[in-house]
Structures are given as structure tokens and as C-alpha cells.
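Order of appearance sets the numbers: ligands from 1, and atoms from 1 within every ligand.
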Amino acid sequence: MLVHRSLLYLYFSTFTSAFTHTSQIVGSSVRAPSSFAMSSLSNDNHIGLTEIGSESHNASSDMSSNNELTSWRDKITSSIARSRKIRGGNYVQISTVDPATLEPRCRTVVFRGFLKENGSETNVMKMITDKRSCKYSEVTTANLGQGQKSNCELLWWFAKSSEQYRIRGQLKFVGSDEEDSFLSACRKEQWGNLSDLAREQFFWKDPGVPFEEQAKVPEGGRDSDGKVLPPPNNFLLMLLYPNRCDYLRLGDNYRQIDSIKDDTMWNIQRVNP
Ligand SMILES: Cc1cc2nc3c(=O)[nH]c(=O)nc-3n(C[C@H](O)[C@H](O)[C@H](O)COP(=O)(O)O)c2cc1C
């Protein structure tokens, strides 16, 4: 039976359920069966996207495991592993929309891993931010229109493997008022895992307003005994619940779009690059 180049499969539950029942966001991805193998993938020296900047990239050796329809989540796991040692390899860009002007806004943040529950990684992408930042107000004051699923797009370029992921989804901010005890614990854990320098920034004066000398802040976000202070109210764990991923690999001009069909099913489709 076949859905040509397209496959519905179940892996993680979604944003909606994850918001309210975090235990449901755990699951394991189901790899497309081999009958879906993408034998049409070619290693020919195609021109086009290949010329954009991947001259030294050898798709055939590097990407052999990708000659089948695997989920974006499987793909990104191996992209991350391959670029683990690259400085800045965990910097991503996230875009939101300013609801007042409908203009796009984009900035770099650090990807801090996938949310884990019961020891298993979910699809949910962890970042941190400050409640005083524009991204927070942009997302929290926006009204999602009917049928609109995303309020954020995350862009991740892997220079080593010449891969681009454009991940759409909904951002959730986990702050001091979080009612979900699991997410609240994750926020505290993330605070404890930050470097002293990163922690200290949350005690700085309001960002984005005319410059003033900083007042004295607790060094390293610690008290006088060196103990880490509790997270201030403006410290937010920022979670992206993906619902669509547009994947592009320059080496062999391969593009795939994964999108959530309902709350639990993902559709994977190879598309023209
Ligand atoms: C390499 C790099 C990493 C950054 N990491 C973060 C981060 O993890 N979280 C964050 O909120 N801002 C981070 N920033 C700062 C943001 O890019 C941005 O300037 C800030 O969040 C304010 O953005 P906003 O007011 O538009 O929300 C980083 C900037 C750079 C250059």
C-alpha cells in the first residue's frame, strides 16, 4: 500500500497535549519502513543548490543513512551529533512577528537540547530567554488566528553537513508562575545548569532601553557564600513545540517537509528542492 513519497507516522504527541499533559509528549520516533526507501536520491553532480556553498561536501559518503525517508527528528539528531564540536554549532535563529506592526523579528539564541521526560528526549526544543525581551511580548500579546498553528520559526544551519532546518511551532515560556510542576522543575534545573556568566545577565538592568551603568549584580548569580540564587522572575525557559519542519540538504539537493497532521501524526514528504 503506498503513499508515494509520503508517510504518516506516529512519533511524539504535540504541542496541544504537551501544554497540558506533559507526560504525553514522550514517545519514540518510528522510522519509515524500508519499502519507503528513497532510491531516487541521486549522487550525480547536479548543479543548482549544490553550488550554493557545499563544494567540499561529499553527499554520498556523509549522507548514506539518509537515503530513506526518515523523520526530521532523526535527521536533526545526527546533524547535531556531526556538528557537536563546532563552536557556535548550537546557535539557532528564531523569528517571531511583532503583532503591532506585523513585521518579522529575528534573533540568535542558544539551543539547549530537547526536553527530556522520564529519561527520553521529546521533540520539544529548549532555549532560555528574558521576560523583558521583545520575543516574549511579541508572542504573548499576539492572537493566533483561526487555524494558525505557529508563532515562531526556528532556523538552524549546519555548516559541516550543509543542511538547513526551518522548524515552525509554538513557543511556550515557562516562568516563575508556571503551574505545571514538571515544567517548573525543568526551568529550575536549566537555571542551575547555566554558566555563571549567563546566570548573571538575568540580574542586569532592563534590556533594550538607553544605556545606564549596571548597578552591582550578584556575581555569577550567586550569593555571598557562592550558592546559586533562585531564578529571578524574568528568567524563562523557552520551549518550542514543533509542528512543521522544512529540511534542505545542499549536498544532493534533497528537501523534505514534515508536518503534523493532527495532534499525533506527522506526515513526511520529499519535495522538490
Ligand atoms: C551567539 C548569541 C547567542 C544568544 N543567545 C541568546 C539566548 O540563548 N537567549 C536569548 O534570549 N538571547 C540570546 N541572544 C541575544 C538575542 O540574539 C537578542 O539580542 C535578545 O534575546 C533580545 O532579543 P528580542 O528583544 O528581540 O527578544 C544571543 C545572541 C547571540 C549573538
Side-chain angles (χ1 to χ4, degrees), residues 76 79-80 83-116 121-144 150-160 163-178 183-214 217-218 220-222 228-242:
I76 208 165
S79 305
I80 291 169
S83 72
R84 203 173 289 286
K85 291 197 180 126
I86 296 178
R87 188 174 148 73
N90 59 344
Y91 296 163
V92 298
Q93 280 71 47
I94 57 166
S95 298
T96 50
V97 173
D98 178 347
T101 62
L102 298 184
E103 290 170 340
R105 303 281 181 249
C106 186
R107 73 287 280 169
T108 304
V109 297
V110 177
F111 169 71
R112 294 177 190 270
F114 288 96
L115 189 72
K116 272 193 188 167
E121 276 188 354
T122 67
N123 277 347
V124 181
M125 306 178 83
K126 283 194 295 179
M127 293 155 282
I128 59 164
T129 199
D130 195 306
K131 199 170 188 172
R132 302 168 295 175
S133 67
C134 296
K135 64 183 90 50
Y136 174 77
S137 53
E138 282 156 16
V139 166
T140 54
T141 57
N143 278 327
L144 281 186
S150 306
N151 57 22
C152 177
E153 183 162 287
L154 180 149
L155 187 283
W156 199 343
W157 162 245
F158 290 90
K160 192 164 179 224
E163 294 166 294
Q164 171 181 266
Y165 293 82
R166 296 166 67 198
I167 302 172
R168 287 187 207 165
Q170 290 207 20
L171 283 181
K172 174 176 169 60
F173 297 100
V174 182
S176 52
D177 54 353
E178 178 58 50
L183 292 180
S184 185
C186 292
R187 170 178 176 264
K188 287 195 184 117
E189 185 185 20
Q190 192 65 60
W191 174 252
N193 288 341
L194 294 185
S195 67
D196 281 12
L197 208 61
R199 216 180 287 116
E200 205 176 288
Q201 294 174 11
F202 289 89
F203 295 96
W204 290 356
K205 291 197 169 177
D206 289 353
V209 297
F211 180 78
E212 283 178 78
E213 289 298 338
Q214 290 292 340
V217 295
R222 294 170 184 271
V228 172
L229 290 164
N233 286 345
N234 54 307
F235 171 71
L236 301 173
L237 175 64
M238 179 166 67
L239 301 175
L240 179 66
Y241 291 77

Residue and atom name of the nearest protein heavy atom (relative to [atom]), distance in Å to one decimal:
atom                    : answer
atom 23 (O) of ligand 1 : K135 NZ, 3.5 Å
atom 9 (N) of ligand 1  : I128 O, 2.9 Å
atom 29 (C) of ligand 1 : T108 O, 3.6 Å
atom 8 (O) of ligand 1  : V110 N, 3.1 Å

Practice prompt. Return the set of residues passing ring-ring contact (aromatic ring centres under 6.0 Å, His included) with F114 (not counting sequence neighbours), or none when no residue passes.
Written response: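 ring-ring contact (aromatic ring centres under 6.0 Å, His included) list for F114, sorted by chain: F111.
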With no hydrogens and no angle check, just 3.5 Å: does a side-chain donor-acceptor pair link [X] and [Y]?
X    : Y    : value
K116 : T122 : no
T96  : R107 : yes
Y136 : T129 : no
T108 : Q93  : yes

Item to complete: Applying side chain to side chain contact (heavy atoms under 4.5 Å, CB included), run through V92 and Y165 and close with a yes or a no.
Response: CA-CA 10 Å; V92 298; Y165 293 82; over 6 Å; no
Below 3.5 Å, N or O to N or O, backbone or side chain included: is there any such pair between [X] and ligand 1?
X    : answer
Y136 : no
V109 : no
R107 : yes

Worksheet item: Are any of the protein's heavy atoms under 4.0 angstrom from atom 27 (O) of ligand 1, yes or no?
Response: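 Answer yes: something from the protein, a heavy atom, is under 4.0 Å.
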Give the numbers and elements of all ligand 1 atoms closer than 4.0 Å to a heavy atom of [X].
X    : answer
C134 : 24 (P), 25 (O), 26 (O), 27 (O)
S133 : 25 (O), 27 (O)
T129 : 10 (C), 11 (O)

Worksheet item: Where do R199 and G220 come nearest, in terms of heavy atoms and distance?
Response: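 Residues R199 and G220, closest heavy atoms: NH1-O, 2.9 Å.
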Discussion item. Rounded to the nearest 0.5 Å, what separates atom CE in M127 from atom CZ in F173?
Written reply: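 The CZ atom of F173 is 8.5 Å from CE of M127, to the nearest 0.5 Å.
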